[in-house]
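Let me begin by presenting the structure, written as structure tokens, before commenting on it.
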Amino acid sequence: YQRRVHGEVHRFRSWWVILMADLEIPLKASPSLQYQNLSYGESKFVYVHKTEAHLLNVSSREVSSIQVKDKTPVFQAKVVIIGGQKLLVLATQGGAQIWDISKEKALAVVPFSDEEGKENFLSRGIASVGPLVAIGHSTGGISIIEVRSEGGNLVNTLKEHREMITDIASGEVNGENLLVSADIAGDIIIWDPSLSPRAKINTPGDTATSIAITPTHIVCGFGSGMVRIFTPQGKKYAEIAAHSRWINSIAYNTSNNTLVTVSEDMLVQFWKMPTSSDPKVALKGHKFVKDCLLTGVSFLDDGGRVGVVAYDTEKLFVFEVPQ
């Protein structure tokens, strides 16, 4: 492996060891082949299977499903926090569905704008910003939905991207709440708290597939297998040759300052991220999931374990996070 920090390339070795998962939980159906196809909240893992969102209760091992009424595809399912409550947001072709994940009860169905509804052929990338939910589209537009106790409504559509949105993330960076979006052309936009574009990052020819937010940086996984770390101002801080094939999902946990990445090369990699007091990036460990095209990863509540899913595989793998 190699990593580049402030323009310098740093190389380090890693021993290849084939390890089985610490726990394997059966699923009723395999996850679809989509970026970031796993989320977690209220002790439930959520992933998309064709026209359904499947919810796996980690404690009981029971699996339930939510199906869109008109049986159109569900493109992404993600747990977000709005007003202190964890909600499940489903992105479908024509609109967004918002659910109470603990009760598995529908709260609102919000259609996208006429333009997005007509031209959009998939929706991907979901994040919450205060009372708002952002959902990306194949048109390059980003729908902004206000969620209220009695439902939700579309309040704006951001149109800075010119290509299909691949992922959206939000979080507090250096004390400021930011929204970050990426598209298939490799463009990344950092939005300030008022949802005005602050910085645009271009990585031509390298699709940005997934985004994570740390307290000090913005992290993106790419189709080339690279992981790139940026400052809130959009300057590249470091890059890691993390995988040999397409990265499909990344996730970050604040409690142990760990980034986890999964790829089509069957590797689950764990990384220490830079902080204000320790600028170094380091590989903490890795796991190998044989003959599996990994499509999603998410931390459990305690941050000490991660769940991993793979396309065409009816299992959820659980791994302990290396110290």
Side-chain angles (χ1 to χ4, degrees), residues 31-39 47-48 50 72-78 89-96 112-113 115-127 133-144 157-170 178-191 195 197-213 218-230 234 236 239-251 259 261-265 293-297 311:
S32 298
L33 183 56
Q34 300 174 4
Y35 307 143
Q36 299 283 67
N37 194 8
L38 191 66
S39 190
Y47 68 93
V48 170
K50 298 182 179 178
T72 57
V74 179
F75 297 119
Q76 191 173 10
K78 188 171 182 179
V89 180
L90 307 183
T92 71
Q93 190 163 9
F112 298 135
S113 68
E115 180 182 350
E116 306 306 327
K118 184 183 296 184
E119 302 296 333
N120 182 51
F121 64 86
L122 67 80
S123 298
R124 181 183 290 146
I126 302 172
V133 171
I135 299 178
H137 305 295
S138 57
T139 59
I142 300 174
S143 293
I144 304 298
T157 303
L158 308 178
K159 296 185 177 182
E160 290 293 323
H161 286 277
R162 296 294 178 263
E163 301 289 343
M164 179 175 69
I165 301 296
T166 50
D167 197 22
I168 302 175
S170 62
L178 301 178
L179 183 75
V180 184
S181 54
D183 66 34
I184 198 169
D187 287 339
I188 301 163
I189 297 178
I190 302 172
W191 308 80
L195 297 183
R198 166 179 294 181
K200 185 174 182 179
I201 304 163
N202 183 253
T203 56
D206 198 1
T207 298
T209 63
S210 42
I211 309 169
I213 306 292
I218 295 159
V219 187
C220 296
F222 289 83
S224 63
M226 299 295 292
V227 170
R228 296 185 175 97
I229 304 172
F230 302 95
K236 186 165 68 175
E239 63 180 11
I240 312 165
H243 292 271
S244 61
R245 297 185 67 182
W246 205 273
I247 293 174
N248 283 326
S249 186
I250 68 176
L259 180 83
T261 61
V262 301
S263 164
E264 294 181 3
D265 63 8
L293 197 164
L294 307 179
T295 59
V297 63
Y311 172 65

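Note: hydrogens, waters and symmetry copies are ignored here, and every other heavy atom, side chains too, is used.
Just one of Thr166, Val219, Ile250 meets the side-chain contact (heavy atoms from CB on, under 4.5 Å) condition when paired with Ser210; it is Ile250. Looking at Ile142, Val180, Leu178 one by one, the single match for side-chain contact (heavy atoms from CB on, under 4.5 Å) with Trp191 turns out to be Ile142. Among the candidates Ile126, Ile213, Val133, Leu179, the single residue satisfying the side-chain contact (heavy atoms from CB on, under 4.5 Å) test with Ser170 is Leu179.
Side-chain N or O atoms of Ser32 include none that pairs as donor or acceptor with a backbone N or O of Gln34 at under 3.5 Å. With hydrogens and angles disregarded, a donor-acceptor distance shorter than 3.5 Å links the side chain of Arg162 to the backbone of Lys159. Of the possible donor and acceptor atoms, none in the side chain of Gln76 sits under 3.5 Å from a partner among the backbone N and O of Arg124. Thr209 contributes a side-chain N or O that, together with a main-chain N or O of Ile247, makes up a donor-acceptor pair within less than 3.5 Å. Formation of a donor-acceptor pair under 3.5 Å by the Ser39 side chain with backbone atoms of Ala77 is not found in this model.
Ile188 places a side-chain heavy atom less than 4.5 Å from the side chain of Cys220. Contact annotation: the side chain of Leu122 approaches that of Met164 to within less than 4.5 Å [non-hydrogen atoms, C-beta and beyond]. Side-chain contact between Ile168 and Ile135: absent, with no pair of heavy atoms (C-beta onward) separated by less than 4.5 Å. Counting only heavy atoms from C-beta outward, the side chains of Thr207 and Trp246 approach each other to under 4.5 Å. For the pair Leu293 and Asn248, the minimum side-chain heavy-atom distance is below 4.5 Å. The closest side-chain heavy-atom distance from Ile189 to Lys200 is below 4.5 Å. In this structure the side chain of Leu158 reaches within 4.5 angstrom of the side chain of Ile144, judged on heavy atoms. Contact check for Phe75 versus Ser123: side-chain heavy atoms found under the 4.5 Å cut-off.
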Which atom pairs, donor and acceptor, lie under 3.5 Å between side-chain atoms of residues 222-229 and protein residues at least two apart or in another chain?
residue	atom	partner	partner atom	Å
Ser224	OG	Asp206	OD1	3.3
Ser224	OG	Asp206	OD2	2.6
Ser224	OG	Met226	N	3.3
Arg228	NE	Glu239	OE1	3.3
Arg228	NH1	Asp206	OD2	2.9
Arg228	NH2	Asp206	OD2	3.4

